[in-house]
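Take a look at the structure below.
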There are 2 protein chains.
Amino acid sequence: MAIYPEIIEKLIEKLKKLPGIGPKSAERIVYYLIQASDIEVISLGEAIISLKREVKLCQKCYNFSIKELCDICLDSKRENIICVVEEVKDLISIEKTNFKGKYHVLWGRISMLENIKPEDLKIPQLIERVKKENVKEVIIATNPTPEGENTANYISEMLKKIGIKHSRLAIGVPLGSEIEYIDIHTLKKAIEGRKEL
Amino acid sequence: MAIYPEIIEKLIEKLKKLPGIGPKSAERIVYYLIQASDIEVISLGEAIISLKREVKLCQKCYNFSIKELCDICLDSKRENIICVVEEVKDLISIEKTNFKGKYHVLWGRISMLENIKPEDLKIPQLIERVKKENVKEVIIATNPTPEGENTANYISEMLKKIGIKHSRLAIGVPLGSEIEYIDIHTLKKAIEGRKEL
């Protein structure tokens, strides 16, 4: 005899596949759902299904979109500067700075360890895009991690070949931080990149 | 302009209500779902909806059930001893010990702080049940926490009034533990409850 009715066991299996959810939290979620109101549970199930049906990726920049092109790509007031990010969440962070250019989401970073190659990301699409569009500049905003740096270098090489102006986010000491606690690699980059006043 | 398409924002809101899921993990789950296969996402949504449609509580013991009575209550080989637990997960644990009686799930514990009264739990139903059924014994297996003890005492008083034999799980040192690390309250109970050899 199964411990839970089969329908519960199956749902626990499915929930366990979601990121950050282990067997115990999957169980707790099931308990919660069984006690929640019909409308809450059914609308959650339907929201998950319609997410998959309605949300696509923008065919130009690969941001989330419910149309073929996302609102940012369709916004004619934006400058033709492309900010290249690893993930949509990075785009969200940069949007908050009031950046008025456009984006290109790579959906990851080049990684030897995980065997992620440039063709597995939206890098070929980026190169095609800058060739076609009249792009003023590409800002490479991959993460300042070894893999992000590596990805930035690769993209930089490709853009050099086709003669497109491009830049990298400045590496330096974050505002509000204390020099004492900043790692030496960052500090070294901050000194190298110092600005004359 | 909303940061995410509205359908994503709405799903994040719904996911955040689930136990153990904060804003960051809700976002990560949405990212995962968008990249997962159609079949995986749709079957998750459908499993959540059918959970609510199909899983009910057993009308006798309040365990999960897809029929009016659960498999345990319908099992004629089980003894008429009722083990009272706070939650279904406690029932699951006790089932693993090969206990061959039946259960009664309270769906919580009496709590002054949270204003949970006996009538908010399945306690009136327990009393009615033992009055009607030919119950040999009630084992009160609420948690050995202050609130669980309090709930056990309340149930014990009720069962005394109607003259039903009842018992409480033994409190003592857990197998495999080291005396040195056991809290003094447990140790005191273990000494009080010592068994002659």
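Throughout, protein chains are lettered first and strands after them, A, B, ... in sequence-line order, and every chain is numbered starting at 1.
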- Greatest number of non-hydrogen atom pairs under 4.5 angstrom with chain A, of B:K10, B:R28, B:K96, B:K89, falls to B:K89
- Taking atom NZ of A:K188 as the centre, does the number of heavy atoms from other residues, nucleotides or ligands within less than 6.0 Å exceed 12? no
- Message: Within the supplied structure, the quantity of interest is the number of heavy atoms (other residues, nucleotides, ligands) at a distance under 6.0 Å from B:K165 NZ; does it exceed 12?
- Response: no
- Message: Check for me, please, whether A:I127 and A:Y62 land in the same ILVMFWY cluster - side-chain distances under 4.5 Å, paths through other members count.
- Response: no
- Note on the structure: Within residues 39-59 of chain A, the residues sitting under 4.5 Å from chain B by heavy atom, in sequence order, are A:E40, A:V41, A:I42, A:S43, A:L44, A:G45, A:E46, A:A47, A:I48, A:I49, A:S50, A:L51, A:K52, A:E54, A:V55
- Task: Any chance you could measure A:S25, atom OG, to B:I21, atom CD1, to the nearest 0.5 Å?
- Result: 7.5 Å
- Which distance, rounded to the nearest 0.5 Å, do you find between the CZ of B:F64 and the CD1 of A:I7? 12.0 Å
- Please check if A:I29 and B:I12 belong to a single hydrophobic cluster, counting links between Ile, Leu, Val, Met, Phe, Trp and Tyr side chain heavy atoms closer than 4.5 Å. yes
- Are the side chain of A:Y31 and the backbone of B:E87 linked by a donor-acceptor contact shorter than 3.5 Å? no
- Task: Tell me, out of A:V30, A:D38, A:L15, who's got the most heavy-atom pairs with chain B below 4.5 Å.
- Result: A:D38
- Task: For B:E68, look at atom CD and say whether over 12 heavy atoms of other residues, nucleotides or ligands are found less than 6.0 Å away.
- Result: no
- Task: Kindly check if the number of other-residue, nucleotide or ligand heavy atoms within 6.0 Å of NZ (A:K67) is above 12?
- Result: yes
- Best-contacting candidate, A:E27, A:E13, A:K17, against chain B by heavy atom pairs under 4.5 angstrom: A:K17
- Side chain, backbone, both or neither of A:L91 within contact of chain B (heavy atoms, under 4.5 Å): neither
- Atom CD of B:E95 and atom OH of A:Y4: how far apart are they, to the nearest 0.5 Å? 11.5 Å
